[in-house]
Protein chains: 2
Amino acid sequence: MERRPRETSLRSRGRRGNAEARQRAVLDAALEVFLAKGFAAARLDDIAARAGVAKGTIYLYFRDKEHLFQALLREAVGPVITRVEGLLPSFAGSTGDLLHMIAELMDREILQTRRKDLLRLIIAEGPRFPWLSEFYWREVVSRGLAIIRAVGARAVARGEFASDALERFPQLLPAPMLVAVIWGALFDRFDKLDTRALLDAHVDILVRGLARRDS
Amino acid sequence: MERRPRETSLRSRGRRGNAEARQRAVLDAALEVFLAKGFAAARLDDIAARAGVAKGTIYLYFRDKEHLFQALLREAVGPVITRVEGLLPSFAGSTGDLLHMIAELMDREILQTRRKDLLRLIIAEGPRFPWLSEFYWREVVSRGLAIIRAVGARAVARGEFASDALERFPQLLPAPMLVAVIWGALFDRFDKLDTRALLDAHVDILVRGLARRDS
DNA sequence: ACGCTATGACTGACTGGTCAGTCATTAATA
DNA sequence: TATTAATGACTGACCAGTCAGTCATAGCGT
């Protein structure tokens, strides 16, 4: 019927040795499409089209839709938490400063990037795909909570906090970040939310609420 | 081929005058199936089977899948917030007691019921179904935030709170409830979470963090 | 009282459309 | 020419929504 364009960037050019570039293109395209549609509703035809590749090509590099999504998560999510883990031991300032730094990090590295959408996707699709929540628990959540517990213990040890509530409920620290993620996805068009200010207000309340009476 | 059972509770018995009972059966079945599968993945065939009704019958009572889900939400979600709105004006105690009461209510009426799953469903499906987030914003979120702002203003007026942070960021109060919802759906099998204790710990921190220095 | 017919609630096979994954074919490289 | 990456038409499964037909009941006429 019609001649397909034969010289598109990736298509059919430099056939050997481009395996890596093609895999990259597929992963990038998959990120876009999964974020826009969710895991279940994302269409592999769309991903292929956006990557400038035929659908069959995807199956040369990834077993199936699920493995493609896992590969995506692994490379997007792993590095961040590892960086944060490295940050903590060397920090010398007050717990208040430390928590504000973490809040700033949450805002800059998650809420202001595509990672917030990935986080939302995990929240949305996790319940129906147990491998997803299991992956996220292992790679991120358990490690994140350990960091927060360490911060709480450090604050108590330094005599800054009177309460061990942060060790018992480390979930309290990231709570407003989750609210911000959900807010951005559902209600931002009705009422804008200053996420950075929200996180800082929360940290202030936390520090003041957990602090010893004196000072 | 085979005789369908002719005397099942609803089917073919009391053909006239059972409209209400059938609608109830469909709504109950729809709740179960939507919670189990999510909005997009729920199958009307399943809902019909569970309601003991033919698929076509659903369309006698509801225009389509979307309107069925809306009807469900309306009856499950509306009454609660209305009840809470009625509670506030008559409350005479301290803000701490008021907030603990609200926390208890969140736990008992949402986290301990199916409503938590409905809330999760709205978080999960809202971004891809704007009518959903619009509905929830109008019926619940905007009204809930107004209540919280009123509580914050009352606390400042009574001289209990030094800060107006709760009025500026009312989202901070329900934040741990959302965490609990997400936790229950994704991570409970790895690490149980005492939601009631979490909410109480949060309220304590909030009250202490916002309070005036004296007392 | 009793049969008979009109009504409309209810049914479920069917349609049209969607999409993950396959595989016979094509064509670029060595 | 032989090898193998890449392609995309195709298959089989799925499902929302439709509609021609069924049948329990109401109520009319006798």
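The structure displayed is predicted, hence computed values, not measured ones. Labels below follow one simple rule: chain letters A, B, ... track the order of the sequence lines, proteins then strands, and each chain is numbered from 1. Only heavy atoms go into these numbers, but all of them, side chains included; no hydrogens, no water, no symmetry mates.
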Could you tell me how far apart B/Phe62 (CZ) and D/dG17 (P) are, to the nearest whole angstrom?
14 Å

Considering every strand and a 4.0 Å limit on heavy-atom distances, what is the contact class for B/Ala42: base, sugar-phosphate, or nothing?
sugar-phosphate

Interatomic distance where CZ belongs to B/Phe69 and P belongs to D/dA16 [whole Å]:
14 Å

Name the orientation class of the two ring planes belonging to A/Trp183 and B/Trp137 (parallel below 30°, tilted from 30 to 60°, perpendicular beyond 60°).
perpendicular

Keeping the roles fixed (side chain from A/Arg120, backbone from A/Lys116), state whether a donor-acceptor pair exists under 3.5 Å.
no

Contacting residues from residues 32-40 of chain A, given that a heavy atom lies under 4.0 angstrom of DNA chain C:
none

A/Ile58 atom CD1 is separated from D/dT7 atom C1', nearest whole Å, by 12 Å

Using residues 62-71 of chain B as the side-chain source, report each donor-acceptor pair under 3.5 Å to any protein atom, sequence neighbours left out, with the distance given to one decimal.
from	atom 1	to	atom 2	distance (Å)
B/Arg63	NE	B/His67	NE2	3.4
B/Asp64	OD1	B/Glu66	N	3.3
B/Asp64	OD1	B/His67	N	3.0
B/Asp64	OD1	B/His67	ND1	2.9
B/Lys65	NZ	B/Phe39	O	2.9
B/Lys65	NZ	B/Ala40	O	2.9
B/Lys65	NZ	B/Ala42	O	3.0
B/Glu66	OE1	B/Trp131	NE1	3.1

Roughly how many Å is it from CG in B/Leu68 to C1' in D/dA16, rounded to a whole number?
12 Å

Under a 4.0 Å N-O cut-off, is there an ion pair linking B/Glu134 with B/Arg138?
yes

Is atom CZ of B/Arg189 surrounded by more than 12 heavy atoms (other residues, nucleotides or ligands) closer than 6.0 Å?
yes

Under 4.0 Å: is that the gap between some side-chain N or O of A/Arg43 and OP1 or OP2 of C/dA20?
no

Can a donor-acceptor pair be found, under 3.5 Å and without considering hydrogens, that links the side chain of A/Arg115 to the backbone of A/Glu109?
yes

To the nearest angstrom, the CD-P distance between A/Gln23 and D/dA6 comes to 11 Å

If only atom types and distance count, is the side chain of B/His202 paired as donor or acceptor with the main-chain N or O of B/Leu172 below 3.5 Å?
yes

List the steps, then state whether side-chain contact (heavy atoms from CB on, under 4.5 Å) holds for B/Ile122 with B/Leu73.
CA-CA 10 Å; B/Ile122 288 161; B/Leu73 278 184; 3.9 Å; yes

Under 4.0 Å between a Lys/Arg side-chain N and an Asp/Glu carboxylate O for B/Arg50 and B/Asp46?
no

By nearest nucleotide on DNA chain C, pick out whichever of B/Thr57 and A/Ala41 is the more 5' one.
B/Thr57

What pairs of nitrogen or oxygen atoms, one from the protein and one from nucleotides 21-23 of chain C, lie under 3.5 Å apart?
from	atom 1	to	atom 2	distance (Å)
C/dG21	OP2	A/Tyr59	OH	2.9
C/dG21	OP2	A/Lys65	N	3.2
C/dG21	O5'	A/Tyr59	OH	3.4
C/dG21	N7	A/Lys55	NZ	2.8
C/dG21	O6	A/Lys55	NZ	2.6

OP1 or OP2 of C/dA9 sitting under 4.0 Å from any side-chain N/O of B/Tyr61?
no

